[in-house]
Amino acid sequence: MSVIDVLTRVDVICRKYDKYEIDKRKDLNASVIDAFARLYAAVEADIDAALKKSELAAMEKNRASVVAMNAEIRRTKARLMEQVLALQKLAVKKVKGLTREELVTRNDMVLALPERIQAIPDGTASAGKQTGGWTASTSHKKIKFDSADGNMRLEDDFFQQTEESSQFRQEYEMWRMKQDEGLHVISEGLDTLKDLAHDMNEELDRQVPLIDELDTKVDRAASQLKNTNVRLKDTVNQLRSSRNCCIDLILLCVILGIFSYLYK
Amino acid sequence: MAGSDPQKLMTKADKLTKLTLTRWSADWRSATQLYEQAAIAFRLAKEYEKAKTAFEKASKGQEMLSSPWDAAKHMESAAALAKELGSWTEVSDLYRRASELYNECGRSQPASDALAKGARILEDAAPDEAVRMYADACTFLEEDGKEQMAFDLYRAATNVYLKLEKYTDAASFLLKWGVAADKCNATNSQCKAYLSAIIVYLYAHDFKQAEKCYNDCSQIETFVNSDQNRCASKLLSAYQEGDIEEIKRLAQTSTISHLDHMIIRLARKLPTGDLDAARSNEANQDEALDENDLT
């Protein structure tokens, strides 16, 4: 036989026994097997995409876009968690052609998924706190779980603190009462001031027309005085006219003469 | 010597004014002068009766000389001397006459001042007359548009009423005060007057009146926006609930402490008597309404 004949013969045999091939069988039975595999593949793809996005977010400078990306990642994570639940259900289902071991591995794979999903960084607090259950990204269930878990521990600490804190609280209450008293005194004072101010206002309003009247009267009196002064000035000037002065001087000289005559 | 001289002056002046066959017209000018001198001399000698007579005659003289201002002034002096003598009717008459003369001059302020002086003197002796004089004084001022000056008179009149325990009259006077304050935009005094009126009504056990008064006052915007309004509403609601502690606490607040001292005294004495009456009145009212609704 020639080489070509051998090759052709091999091809025919391969085609004949193709249905026994595992990979091809897998593809053939893809639709039968898996809902599970499909979903699993989709979840894995989403996880990868989310990881890539978180890497981008870590490198991003613009805060707003960082925030937006982190929000999207969180949404994706939530969605994936829901899908994980569906996967778990599917994993338990017995499918044709699947061995027992494969069933177990499927379960393990599904169980490993949530951790992988949570491990995707989404910009919230560091992984260390996550175990404490305080981060916002963790579901509420986790928080409750933790506090229920650590209840006993918290109570012990709690008591220790109340002694200090009750003292502090007492002090605080005392200072607050003092402050209230002080404020009360201030408010009383302000009330009195307000009343005084109002009364002063009214008194001033009362005085205004009186002062206006006074103003006019005083103006009138002042003008009258001015007139009188001018007239007085005229009169005095008249009195001091030259003729009268000469007569005064002559009379003075006469009197002086008489005196000197009398006493000489 | 001091006693005779004024007496001589008096007789001389009388002679000048008396109309006889020889004298056809009285010489008021010189007579008035003599009367004035005699009156002053009598006053120095503390002979009040004679001084008063002299002043009256001097005033008449001034009237004849058509100078009502001087006449009024002499009347006032005569009235002051009448006060020394303690003849209250004369005091009131003389002051009224003086204020009439002042009004003749067209000067309302001295007129009301004269009446106020008389009223103050008569507060103890003849309080009704005093209140009448206060009211007239206030009217004179208001006619002349000088309500601001009337506030003191309103206060004094209210005090007299409160002393006489005529609470409704006091409250109505307070409301008149509020009106006067409104005219001259004295909002603080106005609100205080209204609050005082409500307190007076409450003191007189007249819860219905107090409520009516409060409702009337609530129509006035300046009152509604004031501290006094808040205080009044708190007081009335405390009365309705019969909460004695609350009433006592409210009486200590600064709003009430800024009112007139007589009113403060009343407020501190609140609540007087039966809060239950006030409460039961309210309850009865409500019950009556309910029955009506059911039927």
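Labels below follow one simple rule: chain letters A, B, ... track the order of the sequence lines, proteins then strands, and each chain is numbered from 1.
- The CD1 atom of Ile199(B) sits 5.5 Å away from the CG atom of Leu259(B) when rounded to the nearest 0.5 Å.
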Present all donor-acceptor pairs from chain A to chain B with distances below 3.5 Å, rounded to 0.1 Å.
{"residue": "Asp191(A)", "atom": "OD2", "partner": "Ser254(B)", "partner atom": "OG", "Å": "2.6"}
{"residue": "Lys194(A)", "atom": "NZ", "partner": "Asp227(B)", "partner atom": "OD2", "Å": "2.7"}
{"residue": "Asp195(A)", "atom": "OD1", "partner": "Asn188(B)", "partner atom": "ND2", "Å": "3.4"}
{"residue": "Asp195(A)", "atom": "OD1", "partner": "Lys192(B)", "partner atom": "NZ", "Å": "3.1"}
{"residue": "Glu202(A)", "atom": "OE1", "partner": "Ser189(B)", "partner atom": "OG", "Å": "2.3"}
{"residue": "Glu202(A)", "atom": "OE2", "partner": "Asn188(B)", "partner atom": "N", "Å": "3.3"}
{"residue": "Glu202(A)", "atom": "OE2", "partner": "Ser189(B)", "partner atom": "N", "Å": "2.9"}
{"residue": "Glu202(A)", "atom": "OE2", "partner": "Ser189(B)", "partner atom": "OG", "Å": "3.1"}
{"residue": "Arg206(A)", "atom": "NE", "partner": "Gln148(B)", "partner atom": "OE1", "Å": "3.4"}

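- Glu173(A) CD: more than 12 foreign heavy atoms inside a 6.0 Å radius.
- For the atom pair Arg79(A) CZ and Ile117(A) CD1, the distance stands at 10.0 Å (nearest 0.5 Å).
- Counting non-hydrogen atoms of neighbouring residues, nucleotides and ligands closer than 6.0 angstrom, the CE atom of Met174(A) exceeds 12 such neighbours.
- In this structure, no portion of Leu196(A) lies under 4.5 Å from any heavy atom of chain B.
- From Phe151(B), atom CZ reaches atom CG of Leu141(B) across 11.0 Å, with rounding to the nearest 0.5 Å.
- Closest approach of Leu39(A) and Ala86(A) over heavy atoms only: CD2-CB, 4.1 Å.
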